[in-house]
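Here is the naming used below: chain letters follow the sequence lines, and residue numbers restart at 1 for every chain.
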Amino acid sequence: MKITLKDGSVKEYDSAKSIYEIALDISEGLARNACAGEVNGEIKDLRTELNEDCELNIVTNNTPEGLRVIRHTCSHVMAEAVKRLFPNAKITIGPAIDDGFYYDFDSDPFSREDLDKIEDEMKKIIKEGNELKRFTLPREEAIKFMEEKGEPYKVELIKDLPEGSEISFYDQGGFVDLCAGPHLMNTKGIKAFKLTSSSMAYWRGDSNKARLQRIYGSAFSNKDDLKAYLAHLEDIKMRDHNKLGREMKLFLTADVIGQGLPLFTPKGTKMIMKLQRWIEDLEDNEWGYVRTRTPLMAKSDLYKISGHWDHYMDGMFILNKDEAEGKEIMALRPMTCPFQYYVYMNDQKSYRDLPYRMSETSTLFRNEDSGEMHGLTRVRQFTITEGHIVLRPDQTEEELTRCVELCNYVMKTLGVEGDVTYRLSKWDPNNKEKYLGDESYWNQSQQYLRDVMEKNGITYSEADGEAAFYGPKIDIQAKNVYGKEDTMITIQLDCEAASKFGMYYIDENGNKATPYIIHRTSMGCYERTLAWLIEHYAGKFPTWMCAEQVRVLPISEKYADYAEQVAAKLKKAKVDVTVDNRSEKIGYKIREARLDRLPYWLIVGEKEAADGTVSVSSRFEGPEGTKSLDDFISQITEEIENKVIREEVKKEEEKQ
RNA sequence: GCUGAAAUAGCUCAGUCGGUAGAGCACUUCACUCGUAAUGAAGGGGUCGUGGGUUCGAGUCCCAUUUUCAGCUCCA
């Protein structure tokens, strides 16, 4: 038989050979690092006997596929350790996942101490170095085998497999698990692992079925990679906006105020206001928007016209439910659309008036499920840069393109354009009653969005069932530090709303015509954007968006007056500046300025006060030398006005 | 919403068998008047998330509730 290897070379053998033997034949080192074999594109166990011509790629332990094999084997080792320590635990399933593995057990909850004990037991098992041996049983015998072992979940899994099939098992020296593989040859192949957490999970993900205990862990081919992974997990925790944002005193929550209702401190508010003022000016002065200011609540009648009453009732806060008493039902708004429609309809529009672009810094209320709330990314009240563009159908492509361009400009200025992916959010054709409009409406409007992205060379994915109930969306998605994806910006096309509200314009022939509407955001909601910025910059924001841009540090109280003069001049130049006039040593003040992640701090003492200068230090370069105050002011105002994103000092790490 | 874990000073946390609350940082005051990542001393600060219950006695045990975190997508 001829084995064609990945590099194109060919090995010939007279008799059947296992993948492991072939790896050994090529080189001992390769065999030592081999995890599996890719045979004609399919991942196979190292034990697999090859007996006919094929293409073979030996999968080694530093590849993603190899790591999956290591992690899957590690999950079996963990299951064995759990069975040794907790004989009553029932095993269920234990797959490898993106960055590790888990195994679900039917048992009592595991504490961190339990996890440590399990880790120790796993180390013993790995040291024992048992071979993993694969064997198969006919389905009926396999069921009997697992019944005798007292593993009802495994029995259930086997019963789901087709009758007459051969069921594979792996025996790692006493502990036998039902498994399709592939696995390492020996438990010794696990060089580095860590159990990270435990949580609850349902049998087969069904909340009506048994509650299981899931243990998460990860494994690597060497200790350095594990160390780097654990350091990465620590870094993630440090960046987590929900922790860092509170630590930096940007926002807080209060039990008595309620879930999903964050409060912004002066510092957090200042940052949001900088973003808001920038966006409002940008839209109004450069992108042709007009600004509206509309109510935060309305009668239910409005939402009945818009369709929210039928399609979004669960997501709304209803203020007054006693209709029987003849009172009007009011609801807080979950969106701005119909309010702005009435602004549009206030006077008659000509085709020349379109596109009519309205924007509003709009506070919205959505009654999210209690378990869905998270930090600033999922809240019940939020403020969004929301706008609606009323346009003629022939303007659709141009206007959608402009929306995408504005978003790109905003993300580029925020410095986060590399974080995002585009998604075409479509309706769910199998669940039509959730949506307004028929199949041809959806196909057509989805095609509009697809065309715009393709013409603009945007790479995007498509997702069913992610559309708004009234139309498809271009969603600009970003992941948080834990890899969870959220929509940051959305652009939606709506060809139906106008006729429902009786919106029209007068066309060139003097006839009433129905416009299209684009629902869009330019920066999404401020809460979520702030969270994104905190995590992206790990709190080290570009100077222009910092709440405190400069701090003046007098060497001693003798120079307090000069420090105040410096600050006053900076304030006049619209720089956000404070003075640290405490009677502390300069080293102490510098340390605090650094820990507060300030862009700049100015040290002033005898020399500076005499010359009218400042000694500039920054987060970006460390000491930048002594400059005249005027020079520094022109430097920093230029940086702020142009929204420059200076690069951080690489070597500088926070000490704690 | 469901399941699990957690909640003690502004923050991070300790608090053993149920016996009346503790550290570091921060804060205040005083001394020091300092040149690029922590000066020293003293002091103030707590209905132990909230409401019930058990007990002679509850931060600790039980029940409810609020809030926070994790998971609820990965299927031998």
Side-chain angles (χ1 to χ4, degrees), chain A residues 68 72 75-76 79 91-104 108-112 142 146 151 153-161 165 167-170 177-181 196-208 210-214 216 237 240 242-243 246-247 249 252-261 314 367-375 482-485 553-560 582-596 601-608 615-618 622-624 626 652-656:
Chain A
R68 286 189 84 84
H72 193 182
S75 88
H76 278 227
I91 52 176
T92 69
I93 56 166
I97 52 177
D98 279 353
D99 59 351
F101 61 87
Y102 69 79
Y103 209 113
D104 287 346
D108 291 330
F110 297 104
S111 65
R112 181 66 239 182
M146 274 300 166
E151 297 292 358
Y153 296 95
K154 292 291 181 188
V155 172
E156 191 182 326
L157 290 170
I158 300 169
K159 282 185 175 163
D160 280 353
L161 295 169
S165 53
I167 312 295
S168 65
F169 291 88
Y170 281 81
D177 200 356
L178 167 75
C179 188
T196 46
S197 63
S198 60
S199 74
M200 194 279 310
Y202 293 106
W203 174 233
R204 304 199 147 180
D206 182 342
S207 58
N208 297 314
R211 297 197 300 272
L212 306 175
Q213 301 302 321
R214 176 173 296 180
Y216 285 95
K237 270 189 215 157
D240 181 350
N242 205 10
K243 188 175 180 343
R246 289 170 198 268
E247 241 170 57
K249 301 223 158 55
L252 62 141
T253 52
D255 286 10
V256 74
I257 290 170
Q259 260 192 310
L261 298 169
D314 288 347
N367 196 1
E368 303 286 353
D369 283 345
S370 65
E372 300 292 343
M373 251 84 71
H374 178 77
Y482 299 105
K484 223 175 209 176
E485 204 176 70
L553 313 180
I555 299 263
S556 80
E557 284 170 47
K558 281 195 242 167
Y559 314 107
R582 295 173 305 170
S583 65
E584 296 289 350
K585 281 179 76 171
I586 192 67
Y588 182 83
K589 294 182 188 179
I590 290 164
R591 179 183 147 80
E592 289 214 331
R594 280 184 182 272
L595 290 177
D596 288 346
W601 55 99
L602 306 178
I603 293 163
V604 294
E606 190 177 359
K607 218 178 95 211
E608 289 80 4
S615 172
V616 180
S617 283
S618 74
E624 293 189 8
T626 301
E652 193 226 306
E653 280 303 322
E654 276 164 43
K655 297 166 192 172
Q656 186 58 45

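Under the Watson-Crick and G-U wobble criteria, each requiring two contacts below 3.5 Å, nucleotide B/C34 is left unpaired. Pair check for B/C72 finds B/G1; Watson-Crick or G-U wobble, both atom distances under 3.5 Å. The pairing partner recorded for B/C25 is B/G10, the criterion being a Watson-Crick or G-U wobble arrangement whose two distances lie under 3.5 angstrom. Pair check for B/A58 finds none; no Watson-Crick or G-U wobble contact set falls under 3.5 Å.
Nearest heavy atoms, A/Glu592 versus A/Arg582: OE1-NH2, 2.7 Å. For A/Arg68 against A/Ala96, the heavy-atom pair with the smallest separation is NH2-O, 3.0 Å.
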Given the rule in the side chain to side chain donor-acceptor pair (under 3.5 Å) test, do A/Arg594 and A/Ser617 qualify, once you have shown the distances and angles that lead to the verdict?
CA-CA 10 Å; A/Arg594 280 184 182 272; A/Ser617 283; over 6 Å; no
Does the side-chain contact (heavy atoms from CB on, under 4.5 Å) test come out yes or no for A/Ile158 and A/Leu178, once each step is laid out?
CA-CA 8 Å; A/Ile158 300 169; A/Leu178 167 75; 3.8 Å; yes
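Considering only side-chain N and O atoms, A/His72 lies nowhere under 4.0 angstrom from the phosphate OP1 or OP2 of B/A76. Listed pair A/Tyr588 / B/A26 meets the phosphate criterion, a side-chain N or O lying under 4.0 Å from OP1 or OP2. Dashed line: the shortest gap from a side-chain N or O of A/Gln259 to OP1 or OP2 of B/U68 is under 4.0 Å. Contact annotation: A/Lys558 side-chain N/O to B/C34 OP1/OP2 distance is under 4.0 Å. Taking 4.0 angstrom as the limit, A/Arg582 places a side-chain polar atom (N or O) nearer than this to OP1 or OP2 of B/C27.
Rounded to whole Å, the separation between the P atoms of B/A41 and B/G4 comes to 49 Å. Using atom P as the reference point in both B/A23 and B/G57, the two lie 29 Å apart (nearest Å). One P atom belongs to B/G49, the other to B/G40, and the distance between them is 33 Å to the nearest Å. Across B/A64 and B/A6, the matching P atoms stand 15 Å from one another, rounded to whole Å. Nucleotides B/C11 and B/C48, compared at atom P, are 16 Å apart to the nearest Å. A distance of about 11 Å separates the P atoms of B/C62 and B/A5, rounded to the whole Å. Rounded to whole Å, the C1' atom of B/G44 lies 7 Å from the corresponding atom of B/U28. Nucleotides B/A26 and B/A70, compared at atom P, are 29 Å apart to the nearest Å.
For the pair A/Met373 CE and B/U67 P, the interatomic distance rounds to 8 Å; values are reported in whole Å. Protein atom CZ of A/Phe101 is 21 Å distant from nucleotide atom P of B/U73, rounded to whole Å. Rounded to an integer number of Å, the gap from A/Ile555 CD1 to B/U36 P is 8 Å. For the pair A/Glu247 CD and B/C13 C1', the computed distance is 14 Å after rounding to whole Å. Distance, A/Leu602 CG to B/G35 C1': 14 Å, rounded to whole Å. Rounded to a whole Å, the CD atom of A/Glu608 is 14 Å from the C1' atom of B/C34. Residue A/His374 contributes atom NE2, which lies 6 Å from atom P of B/C69 at whole-angstrom precision.
Legend: residues meeting salt bridge (Lys or Arg N to Asp or Glu O under 4.0 Å) with A/Glu557, ordered by chain and number and at least two apart, are absent.
Residue-to-nucleotide contacts include a donor-acceptor pair under 3.5 Å from the side chain of A/Ser615 to the base of B/U36. With hydrogens and angles ignored, a donor-acceptor pair closer than 3.5 Å exists between the side chain of A/Ser617 and the base of B/U36. In terms of polar N and O atoms assigned as donor or acceptor, the side chain of A/Glu557 comes within less than 3.5 Å of the base of B/U33 in a complementary pairing. Put simply, the side chain of A/Ser583 and the base of B/C32 share a donor and an acceptor less than 3.5 Å apart.
Contact annotation for A/Pro95: backbone-only contact, meaning every heavy-atom pair under 4.0 Å involves sugar-phosphate atoms and none involves a base. Counting non-hydrogen atoms under 4.0 angstrom, A/Glu592 reaches nothing in the nucleic acid.
Residue A/Val616 is the one, among A/Lys585 and A/Val616, whose nearest nucleotide of RNA chain B lies closer to the 5' end (criterion: closest heavy atom). Map A/Gly371 and A/Ala254 each onto its nearest nucleotide of RNA chain B; the residue landing nearer the 5' end is A/Gly371.
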